[in-house]
Amino acid sequence: MTEPTRDERVELALDLLVHLEADELSLAEVVDRIETVTTDPTLTRDILDAAELRGIIERDGGRIRHNRGGTFVRFESQVVQREGDFDCRRCGASISTGHFVRFESGELGPFGSSCVRKVLGRE
């Protein structure tokens with residue numbers, strides 16, 4: 001499996017931001033989600049700038065308002081489970097069942113069952 005390009009990581013992170021279920025998050029919470037795609041601080045800044053330019057988010061100091069327009073992840077069709085030996089992309093825990101989120105731009109994961117819900121804003 002090849003490492004995604006910079007542009008692919010930006011699009012994947014933007015897809016994730018579009019599908020967040022929370023209307024408002026702190027900047028730290030948004031960065032926590034973006035870090036499932038990249039930990040590069042420059043790329044994280046570029047993703048936030050692109051999200052703002054595309055109207056996905058609005059920044060208000062340390063708060064981020066999400067302009068999702070009714071978009072959310074359908075767990076039944078967009079989240080797939082695979083058995084194997086994985087490390088959760090959010091918390092780093094070893095997991096035997098990986099949850100992968102399918103977006104138009106690609107697939108994000110693996111996550112544990114609680115982390116996938118946290119990443120998507122369901123918890």
Side-chain angles (χ1 to χ4, degrees):
M1 186 172 180
T2 62
E3 186 67 25
T5 67
R6 181 185 190 288
D7 290 344
E8 289 169 339
R9 286 188 306 230
V10 168
E11 290 306 315
L12 190 56
L14 292 175
D15 263 349
L16 174 60
L17 294 178
V18 164
H19 288 86
L20 291 178
E21 294 193 24
D23 292 327
E24 186 174 299
L25 295 165
S26 70
L27 179 59
E29 290 170 316
V30 172
V31 169
D32 179 61
R33 271 62 170 196
I34 293 171
E35 285 180 342
T36 64
V37 177
T38 183
T39 55
D40 177 341
T42 302
L43 189 53
T44 297
R45 244 185 331 275
D46 292 347
I47 290 165
L48 288 168
D49 290 344
E52 192 169 23
L53 282 171
R54 292 188 192 184
I56 298 168
I57 63 169
E58 293 176 17
R59 296 186 214 193
D60 184 16
R63 301 296 298 171
I64 303 290
R65 282 192 304 279
H66 182 239
N67 302 320
R68 66 186 146 108
T71 302
F72 58 94
V73 168
R74 290 174 187 77
F75 266 72
E76 305 76 34
S77 60
Q78 285 180 273
V79 177
V80 296
Q81 295 179 30
R82 294 191 195 116
E83 299 300 317
D85 222 4
F86 303 109
D87 292 326
C88 177
R89 200 163 170 104
R90 180 173 178 272
C91 73
S94 292
I95 51 178
S96 58
T97 301
H99 294 75
F100 297 81
V101 184
R102 289 184 176 162
F103 295 115
E104 281 188 33
S105 61
E107 191 174 84
L108 185 59
F111 299 105
S113 58
S114 60
C115 281
V116 72
R117 298 182 71 74
K118 179 76 172 175
V119 166
L120 297 172
R122 295 238 172 140
E123 288 183 2

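Any value given below was found using the heavy atoms of this structure, including those in side chains, with hydrogens, waters and symmetry copies removed.
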Starting at [atom1] of [X], measure out to [atom2] of [Y] and round the result to the nearest 0.5 Å.
X     : Y      : atom1 : atom2 : value
Glu8  : Ser105 : CD    : OG    : 9.0 Å
Ile57 : Ile64  : CD1   : CD1   : 4.5 Å
Leu16 : Glu11  : CG    : CD    : 12.5 Å
Leu53 : Leu48  : CG    : CG    : 11.0 Å
Ser96 : Phe86  : OG    : CZ    : 9.0 Å
Thr36 : Arg89  : OG1   : CZ    : 6.5 Å

Checking the side chain of Glu107 only, and the main-chain atoms of Arg102 only, is there a donor and an acceptor separated by less than 3.5 Å?
no
Glu29 backbone acceptor or donor facing Arg33 side chain under 3.5 Å
yes
Audit row: Ile34, Thr39, side-chain contact (heavy atoms from CB on, under 4.5 Å) steps and yes/no:
CA-CA 8 Å; Ile34 293 171; Thr39 55; over 6 Å; no
Flag the pair Asp32 / Arg90 as yes when at least one side-chain heavy-atom distance between them is below 4.5 Å, and no otherwise.
yes
How would you list all residue pairs meeting salt bridge (charged side-chain N to carboxylate O under 4.0 Å, His left out) that involve residues 55-65, not counting sequence neighbours?
Glu24-Arg63, Asp49-Arg59, Glu52-Arg59, Glu58-Arg65, Asp60-Arg65
Indicate, with yes or no, if Val119 and Phe100 share a hydrophobic cluster defined by side-chain heavy-atom contacts under 4.5 Å among Ile, Leu, Val, Met, Phe, Trp and Tyr.
no
Same hydrophobic cluster for Val37 and Val80, using side-chain heavy-atom links shorter than 4.5 Å among ILVMFWY?
no
Whether His19 and Phe103 hold their rings parallel, tilted or perpendicular, with breakpoints at 30° and 60°:
tilted
For a quick test of reading the model, state the closest non-hydrogen atom pair linking [X] to [Y] and the distance between them.
X     : Y      : result
His66 : Leu20  : CE1-O, 2.9 Å
Ile95 : Pro110 : CD1-CB, 4.4 Å
Cys88 : Gly112 : SG-N, 3.5 Å
Leu17 : Ala51  : CD1-CB, 3.8 Å

Report the residues that fulfil side chain to side chain donor-acceptor pair (under 3.5 Å) with Arg6, sequence neighbours left out, ordered by chain and then residue number.
Asp46
State whether the number of non-hydrogen atoms from other residues, nucleotides or ligands found under 6.0 Å of Glu104 atom CD is greater than 12.
no
